[in-house]
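Here the structure is laid out as structure tokens; the discussion comes afterwards.
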There are 2 protein chains.
Amino acid sequence: MTTRCPHIIDDDAAVRDALAWLLKAHDIDSVVWSSAGDFLQQSEPTSCGCLIVDIRMPEMSGIELFDRIRRQSGDLPVIFLTGHGDVPMAVQAIKDGAFDFLEKPVDEVLLIDRVRAALRLGGERANVAAHNQEIQSLLKELTIREREIMECVLNGKLNKVIADELGIAMRTVEVHRSRVFEKMGVRSAVELSQLLSSVN
Amino acid sequence: MTTRCPHIIDDDAAVRDALAWLLKAHDIDSVVWSSAGDFLQQSEPTSCGCLIVDIRMPEMSGIELFDRIRRQSGDLPVIFLTGHGDVPMAVQAIKDGAFDFLEKPVDEVLLIDRVRAALRLGGERANVAAHNQEIQSLLKELTIREREIMECVLNGKLNKVIADELGIAMRTVEVHRSRVFEKMGVRSAVELSQLLSSVN
DNA sequence: GCTTCCATTGTGGATTTCCGCAAACAACAA
DNA sequence: TTGTTGTTTGCGGAAATCCACAATGGAAGC
């Protein structure tokens with residue numbers, strides 16, 4: 001929830017400074033990196049609102065970087081910049097979930113617009129991710145048995161049925177069920193179902 | 001559930017016949033159209049599994065067609081073919097939800113692969129759409145009051161609370177609630193919640 | 001050995017849901 | 001006028017949920 005801003009990755013110092021300057025001229029602070037590796041290792045995950053990546057880099061290509069970001073930094077909106085892009089590359093990037101794919105020289109107005117949109121989307125995604133994170137940590141608090149009972153409850157089974165299937169007393173099911181609700185912070189099976197519907 | 005196959009739209013008879021022949025050589029039947037308008041007006045919606053569209057057409061461009069398909073025929077996977085495509089066009093197409101964007105001359109193996117994938121996706125989408133259609137038609141059977149009570153139930157409210165909020169007797173709520181379950185073909189609030197989670 | 005956590009079960013009562021049977025009232029169509 | 005549909009309500013009982021209080025046994029950790 002802090003100051004999420006675009007991070008620029010480009011091996012050409014002149015280019016990335018020009019980009020940063022352009023953004024700054026539109027009141028957008030940014031962070032620059034000279035390589036994808038530096039970004040992945042040193043960047044503060046919470047500071048990054050979107051990525052602007054030059055696709056023609058030594059060491060690690062933008063596409064390759066994109067793959068790693070998917071795993072590490074969650075789903076950050078990535079704007080690819082390229083001087084030598086072709087259609088298949090652009091298609092693949094977008095299909096893989098890139099936010100945009102722009103050719104250099106890029107129209108300034110267009111770029112600023114896309115950066116703003118990417119930051120907006122990045123913020124939304126971060127919120128969703130944070131929410132999912134909360135749910136996951138709640139789920140982690142459940143014991144195995146509780147998770148088991150929860151599954152049954154989510155399948156709409158009655159306590160009696162669950163008790164029968166698991167070969168335990170109904171009272172036990174009630175206790176687990178109650179504890180699941182308590183730990184998950186809900187008060188009914190419906191709430192639980194809706195809470196988890198966004199995750200699963 | 002009948003024989004969904006690719007539909008080819010191209011104003012050049014030689015091209016579309018060549019495409020149809022190529023597909024046939026791989027055991028894929030297809031239907032050809034000489035214009036987007038013809039397709040939109042005359043095609044049987046249930047016969048179409050995916051679209052192969054040349055983007056350089058008179059009358060109506062592929063992009064324009066794509067827009068109309070979105071509205072009319074649901075979400076059919078669309079493979080764009082183009083001889084003069086550029087990166088921005090491709091990016092826009094994919095972002096708008098096109099299945100793929102291929103440049104001519106297209107590699108035969110690649111095309112066949114993409115067509116097969118598009119057909120597969122088209123089948124899945126058709127199933128999902130059919131399922132949603134069913135749910136929608138079920139929802140349409142509900143009376144206004146029933147929908148109202150359903151909303152409350154989905155919010156996890158107890159009958160007592162609902163009755164209080166709506167200023168009616170608890171028994172009335174029970175009746176509506178019961179009828180909602182009956183009409184929607186579920187047996188509990190949880191099932192109802194999960195049934196609707198995919199739609200809403 | 002002791003503590004903590006987990007799973008288990010019981011009793012008993014309050015609350016809620018589920019449901020059949022019965023019926024009143026209004027709006028609207030045949 | 002008659003019939004249908006939607007909304008409303010009551011009664012009463014069976015079934016299920018919710019919950020406080022109380023307790024046992026096993027496994028893991030200190």
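As the structure is a computational prediction, the values presented were derived from the model and not from experiment. Below, read A as the first sequence line, B as the second, and so on, with proteins coming before strands; counting in each chain starts at 1.
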The side chain of I168(A) lies closest to which of these nucleotides: dT9(D), dT8(C), dA7(C)? dT8(C)

Could you state the atom-to-atom distance from CD of E148(B) to C1' of dT8(D) in whole Å? 14 Å

Just how far, in rounded Å, is P of dC5(C) from CD of E146(A)? 13 Å

Given pairs defined as Watson-Crick or G-U wobble with both distances under 3.5 Å, what dot-bracket annotation applies to DNA chain C, with ( ) intrastrand, [ ] crossing, | other strand and . unpaired? ||||||||||||||||||||||||||||||

Assert: residue with more 5' nearest nucleotide on DNA chain D, out of S178(A) and V175(B), is V175(B)

What is the distance, to the nearest angstrom, from the CZ atom on R187(B) to the P atom on dT17(D)? 12 Å

Applying a 4.0 Å non-hydrogen cut-off, can you work out what T172(A) is touching in the nucleic acid: base, sugar-phosphate, or nothing? base

dT8(D), OP1 or OP2 - any side-chain N/O from H176(B) closer than 4.0 Å? yes

Check the side chains of H7(A) and S47(A) for a donor-acceptor pair under 3.5 angstrom, ignoring hydrogens and angles. yes

Quick test of your reading of the model: are D54(A) and R16(A) salt-bridged, counting only N-O distances below 4.0 Å? no

Under a 3.5 Å cutoff, is there a donor and acceptor pairing between the side chains of S197(A) and S197(B)? no

For dA7(C), does either OP1 or OP2 sit under 4.0 Å from a side-chain N or O belonging to T143(A)? yes

Would you mind checking if R171(B) and E174(B) are paired as a salt bridge, meaning a charged N to carboxylate O distance below 4.0 Å? yes

Do the charged groups of D100(A) and K95(B) touch, with an N to O distance under 4.0 Å? yes

Measure from CD on E191(B) to P on dC18(C) and round the result to the nearest Å. 12 Å

I149(B) CD1 to dT9(D) C1': how many Å, rounded? 14 Å

Among dA7(C), dG12(D), dT8(C), which is the nearest nucleotide to the side chain of R171(B)? dG12(D)

To the nearest Å, how far apart are L166(B) CG and dT8(D) C1'? 12 Å

Do N132(B) and Q136(B) have side-chain N/O donor and acceptor atoms under 3.5 Å apart? no

Has the side chain of E174(A) got a donor or acceptor that lies under 3.5 Å from a partner of the other kind on the base of dC19(D)? yes

R177(B) with E146(B): basic N within carboxylate O range, under 4.0 Å: no

Among dG10(D), dA7(C), dC19(C), find the nucleotide with the atom closest to the side chain of A169(B). dG10(D)

Using the 3.5 Å cut-off, write out each protein N or O paired with an N or O of nucleotides 13-16 of chain C and the distance between them.
{"residue": "dT16(C)", "atom": "OP1", "partner": "K160(B)", "partner atom": "NZ", "Å": "3.4"}
{"residue": "dT16(C)", "atom": "OP2", "partner": "K160(B)", "partner atom": "NZ", "Å": "2.8"}

Check the distance between dA16(D)'s C1' and D164(A)'s CG and give it to me in whole angstrom. 15 Å

For atom CZ of R187(B), decide whether the heavy atoms of other residues, nucleotides or ligands shown that lie under 6.0 angstrom number more than 12. no

Nearest whole Å is fine: how far is dT8(D) C1' from I162(B) CD1? 16 Å

With R145(B), the side chain to side chain contact (heavy atoms under 4.5 Å, CB included) member among V173(B), T172(B), I168(B): I168(B)

Hey, does the side chain of S137(A) reach the backbone of E134(A) with a donor-acceptor pair shorter than 3.5 angstrom? yes

